[in-house]
Amino acid sequence: MFQPVKNPFSKYADKLERKVNRLLKRVTTKSRFFIQKELEKIMQKNLVITNLWLEKQFKGYKYLRKGKRKKMHKNTQIIVNHFNEFVEKTNADPGKVLEYARSKNFQLTNPDAKERLIYLYKIAQFLQPNRYYQYLEGASFGKLLTNITHEPMIGDCNQIVTFYTYLYSLKYPIRELQIKILPKHVCLHYNGMDIEATNATFQHYEEYEALLSIVELISTNLLDTSDFRDKQLQIDARTFINGAKLAKHISSMTQIVDKNLKVAYHNLALETAKQHNFSSATFFADKIHDPDLTKYIYQKAVTHFTKKHNFRKAKYFANKSRDRELMKHVYAMQFNQIQKKVKHLKKASEHKSHIKDYKKMRDLAGKMGDTKLRSDLNKFIGSLPK
């Protein structure tokens, strides 16, 4: 199930991580259909590796370093071994399972559905609360991947649904499953039946927000809140945008995804502005048509370049802002910088040697709209010896 990377210098703990990362890089160049199909294949091959790598990339948990992920892969194998033993030893009475399903009004006319229902029943029995699994609101996925001989698996609805799907994938195609989105909750869905993974029961939720393909489990996890208990690295905004774009490619809940993508561009604009890359910052701000953000970036750019006495670039950004007061500010700062050069001069000959500076100050005073200052400087220049 797991194929560790032998290269000690590789950032990947498993060969599949490389495939997932390669798919992420193709998000903007491939169709939604292609991305969904490729993602389904990767999820089928190993959903644990797929989800763990995406959580590392887009949640930025510090504990998800390469060595820790390798340990989690080994822990997953331990869980699977225990699960397989449990399945062999557990003699679920098909008649009782099917009778229970019918009592919930589930119509299981397909012979294959009966077989899968019994398997899902065994998954639920294995992962019922307080056997190996404990529920924790907002937990990160990695908390599930423990050595169950020493500590419990801990996760919320998103995480435990993901692990149910993983165990299902060991025997059957995951495309047979769906997820049902409830208010602030998600459950697994199979053939008209809801599997409440948090308490290992079969349900029938009549009121819900959406019934989605299993591939959208990935976008649901990407859009889920981070675990405040785990320390996070600062995620590069471009990486976050790739995550938001991936979610957009696979999610039918476009309103939520578009909101997250807008947040991603907003953060990227601020991040690049903080790095003094103002051209890129305005480019990202323009992507979301946020005039207040764009104005803020222009102001930061002007402030930065005037402090550096790079008035050419300061004027460039002030001009792009179309803010007359901001342009006046640039002229004023340039005026002050020149004034510092000449304010200690006393002799007429010294003043004359700086006549270009005084003429520049006169022109800047005119651009600032200070007619009196311009007039005074003009008179002063005229009084200098010829």
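Since the structure is predicted, the reported quantities are computational estimates derived from the model, not experimental observations.
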S.K.: Listed by chain and number, what are the ring-ring contact (aromatic ring centres under 6.0 Å, His included) partners of H185, not counting sequence neighbours?
M.R.: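 Partners of H185 under the ring-ring contact (aromatic ring centres under 6.0 Å, His included) test: none.
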S.K.: As an exercise, state the distance from CE of M193 to CG of L188, rounded to the nearest 0.5 Å.
M.R.: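 That separation rounds to 9.5 Å.
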S.K.: With sequence neighbours excluded, tell me which residues meet salt bridge (charged side-chain N to carboxylate O under 4.0 Å, His left out) with E325.
M.R.: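 Listed in chain order: K328.
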S.K.: Show the nearest heavy-atom pair for residues V302 and A318, with the distance to one decimal.
M.R.: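 Shortest heavy-atom separation between V302 and A318 comes out as CG2-N, 3.7 Å.
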S.K.: What distance do I79 atom CD1 and L144 atom CG have between them, rounded to the nearest 0.5 Å?
M.R.: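 Reported to 0.5 Å precision, the distance equals 7.5 Å.
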S.K.: Who passes ring-ring contact (aromatic ring centres under 6.0 Å, His included) against Y331, sequence neighbours left out?
M.R.: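 Scan of Y331 (ring-ring contact (aromatic ring centres under 6.0 Å, His included), adjacent residues dropped) gives none.
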S.K.: Compare all side-chain heavy atoms of H73 with those of Q77 and state whether any distance is below 4.5 angstrom.
M.R.: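 Side-chain contact under 4.5 Å: no.
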S.K.: Hey, any chance V161 and L211 share a hydrophobic cluster, counting ILVMFWY side chains that come within less than 4.5 Å of each other, even indirectly?
M.R.: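 No: no chain of side-chain contacts under 4.5 Å links V161 to L211.
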S.K.: Side-chain contact, heavy-atom cut-off 4.5 Å: M72 with L64?
M.R.: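 Side chain of M72 against side chain of L64, heavy atoms only: contact under 4.5 Å found.
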S.K.: Once side chain to side chain donor-acceptor pair (under 3.5 Å) is applied, do any residues pair with T50, and if so which ones, sequence neighbours excluded?
M.R.: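 In terms of side chain to side chain donor-acceptor pair (under 3.5 Å), with neighbours along the sequence ignored, T50 is linked to no residue.
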S.K.: Any chance NE2 of H150 has more than 12 other-residue heavy atoms, nucleotides or ligands included, within less than 6.0 Å?
M.R.: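 Incorrect, the count does not exceed 12.
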S.K.: The test is ring pair (Phe, Tyr, Trp, His ring centres under 6.0 Å); show your working for F163 and Y133 and say whether it passes.
M.R.: CA-CA 11 Å; F163 205 80; Y133 164 70; 9.5 Å; no
S.K.: Who passes salt bridge (charged side-chain N to carboxylate O under 4.0 Å, His left out) against K359, sequence neighbours left out?
M.R.: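 Scan of K359 (salt bridge (charged side-chain N to carboxylate O under 4.0 Å, His left out), adjacent residues dropped) gives none.
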S.K.: At their closest point, which heavy atom of S279 faces which heavy atom of T282, and how far apart are they?
M.R.: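 Smallest heavy-atom distance, with atoms named: O-OG1, 2.8 Å.
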S.K.: How many angstroms lie between atom CD1 of I214 and atom CG of L47, to the nearest 0.5 angstrom?
M.R.: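 Interatomic distance, I214 CD1 to L47 CG, rounded to 0.5 Å: 8.0 Å.
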S.K.: Does any part of the side chain of I154, heavy atoms only, come nearer than 4.5 Å to the side chain of T146, both counted from C-beta?
M.R.: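 Side-chain contact under 4.5 Å: no.
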S.K.: Please walk me through it: do N75 and K71 pass side chain to side chain contact (heavy atoms under 4.5 Å, CB included)?
M.R.: CA-CA 6 Å; N75 288 342; K71 185 177 180 181; 4.2 Å; yes
S.K.: For F284 and N267, what are the C-alpha separation, side-chain angles and deciding distance, and is it a side chain to side chain contact (heavy atoms under 4.5 Å, CB included)?
M.R.: CA-CA 9 Å; F284 294 125; N267 292 342; over 6 Å; no
S.K.: Could you tell me the separation between the OG1 atom of T198 and the CG atom of D156, rounded to the nearest 0.5 Å?
M.R.: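 Reported value, rounded in 0.5 Å steps: 9.5 Å.
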S.K.: Keeping to residues at least two apart or across chains, list the salt bridge (charged side-chain N to carboxylate O under 4.0 Å, His left out) pairs with something in residues 307-319.
M.R.: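 Of all non-adjacent pairs touching residues 307-319, none passes salt bridge (charged side-chain N to carboxylate O under 4.0 Å, His left out).
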S.K.: Charged N to carboxylate O under 4.0 angstrom, K56 versus E17?
M.R.: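 So K56 does not pair with E17 through a salt bridge.
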S.K.: Within a strict 4.5 Å, meaning less than it, do heavy atoms of the Q339 and N336 side chains meet?
M.R.: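 A side-chain contact exists here, since the closest heavy-atom pair is under 4.5 Å.
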S.K.: CD1 of I35 to CD of E40: how many Å apart, nearest 0.5 Å?
M.R.: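 Output value for this atom pair is 13.5 Å.
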S.K.: Please determine whether side chain to side chain donor-acceptor pair (under 3.5 Å) holds for the pair E88 and N84, giving the CA-CA distance in whole Å, both sets of side-chain angles, and the decisive distance to 0.1 Å.
M.R.: CA-CA 6 Å; E88 289 179 11; N84 288 335; over 6 Å; no
S.K.: Can you confirm whether F83 sits close enough to I123 that some side-chain heavy atom of one is under 4.5 Å from a side-chain heavy atom of the other?
M.R.: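 Side-chain contact under 4.5 Å: yes.
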S.K.: Is there a path of hydrophobic side-chain contacts, each under 4.5 Å between heavy atoms, that joins V186 and L182?
M.R.: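 Cluster IDs for V186 and L182 differ.
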S.K.: Is there side-chain contact between F34 and R26, with at least one heavy-atom pair below 4.5 Å?
M.R.: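 Side-chain contact under 4.5 Å: yes.
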S.K.: Nearest 0.5 Å, please: how far is OG1 in T90 from CD in E85?
M.R.: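 The distance works out to 11.0 Å.
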S.K.: Show the nearest heavy-atom pair for residues A197 and Y164, with the distance to one decimal.
M.R.: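 Scanning both residues, the minimum pair turns out to be CB-CE1, 3.5 Å.
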S.K.: Assigning hydrophobic clusters by single linkage (Ile, Leu, Val, Met, Phe, Trp, Tyr; side-chain heavy-atom cutoff under 4.5 Å), is I195 placed with Y208?
M.R.: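 Unlinked, I195 and Y208 end up in two clusters.
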S.K.: Could you tell me whether the side chain of R131 and the main chain of Q125 form a donor-acceptor pair under 3.5 Å?
M.R.: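 Side chain of R131 to backbone of Q125, a donor-acceptor pair under 3.5 Å: yes, one is there.
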S.K.: Under the 3.5 angstrom rule, does the side chain of N277 hit a backbone N or O of T272 as a donor-acceptor pair?
M.R.: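 Pair absent, no side-chain N/O of N277 close to backbone of T272.
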S.K.: Looking only at heavy atoms, which two atoms of I297 and A281 are closest? And how far apart?
M.R.: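 Taking I297 first and A281 second, the nearest heavy atoms are CD1-O, 3.5 Å.
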S.K.: Residues two or more places apart in sequence or in another chain: which of them pass ring-ring contact (aromatic ring centres under 6.0 Å, His included) with F86?
M.R.: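 Testing F86 for ring-ring contact (aromatic ring centres under 6.0 Å, His included), a comparison that skips the adjacent residues, returns F126.
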S.K.: Compare every heavy atom of I148 with every heavy atom of M153, then report the nearest pair and how far apart it is.
M.R.: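 The answer is CG-CG2, 3.5 Å.
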S.K.: Is there a side chain to side chain contact (heavy atoms under 4.5 Å, CB included) between Q159 and L136? Walk through the geometry before answering.
M.R.: CA-CA 10 Å; Q159 315 307 346; L136 179 65; over 6 Å; no
S.K.: Under the salt bridge (charged side-chain N to carboxylate O under 4.0 Å, His left out) test, which residues partner K41, sequence neighbours left out?
M.R.: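 In terms of salt bridge (charged side-chain N to carboxylate O under 4.0 Å, His left out), with neighbours along the sequence ignored, K41 is linked to E38.
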S.K.: Is D323 close to M327 at the side-chain level, that is, under 4.5 Å between some pair of heavy atoms?
M.R.: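 They are not in contact (no side-chain heavy atoms under 4.5 Å apart), so the answer is no.
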S.K.: Do Y63 and S140 come close enough that some side-chain heavy atom pair is under 4.5 Å?
M.R.: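 A side-chain contact under 4.5 Å exists here.
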S.K.: What are the two closest heavy atoms between N21 and K11, and how far apart are they?
M.R.: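 Here N21 and K11 meet closest at ND2-NZ, 3.7 Å.
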S.K.: Going through the distances and angles, do L293 and I288 end up as a side chain to side chain contact (heavy atoms under 4.5 Å, CB included)?
M.R.: CA-CA 9 Å; L293 178 60; I288 55 176; 4.1 Å; yes
S.K.: Residues two or more places apart in sequence or in another chain: which of them pass side-chain contact (heavy atoms from CB on, under 4.5 Å) with K372?
M.R.: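 K372: side-chain contact (heavy atoms from CB on, under 4.5 Å) contacts with D370, D376.
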S.K.: Cut-off 3.5 Å, no hydrogens considered: what does the side-chain donor-acceptor table look like for residues 167-180, sequence neighbours left out?
M.R.:
residue	atom	partner	partner atom	Å
Y168	OH	E176	OE1	2.5
S169	OG	Y166	O	2.5
Y172	OH	E115	OE2	2.7
E176	OE1	R116	NE	2.6
E176	OE2	R116	NE	3.1
E176	OE2	R116	NH2	3.1
K180	NZ	D194	OD1	3.3
K180	NZ	D194	OD2	3.1
K180	NZ	Y205	O	2.9

S.K.: Taking only residues two or more places apart in sequence or in another chain, which ones pass side-chain contact (heavy atoms from CB on, under 4.5 Å) with M333?
M.R.: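 Per chain and number, M333 pairs via side-chain contact (heavy atoms from CB on, under 4.5 Å) with T306, F311, H329.
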S.K.: Which residue pairs satisfy the side-chain hydrogen bond (donor to acceptor under 3.5 Å, both in side chains) criterion with at least one member in residues 286-300, sequence neighbours excluded?
M.R.: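 Sorted result for residues 286-300: empty, none.
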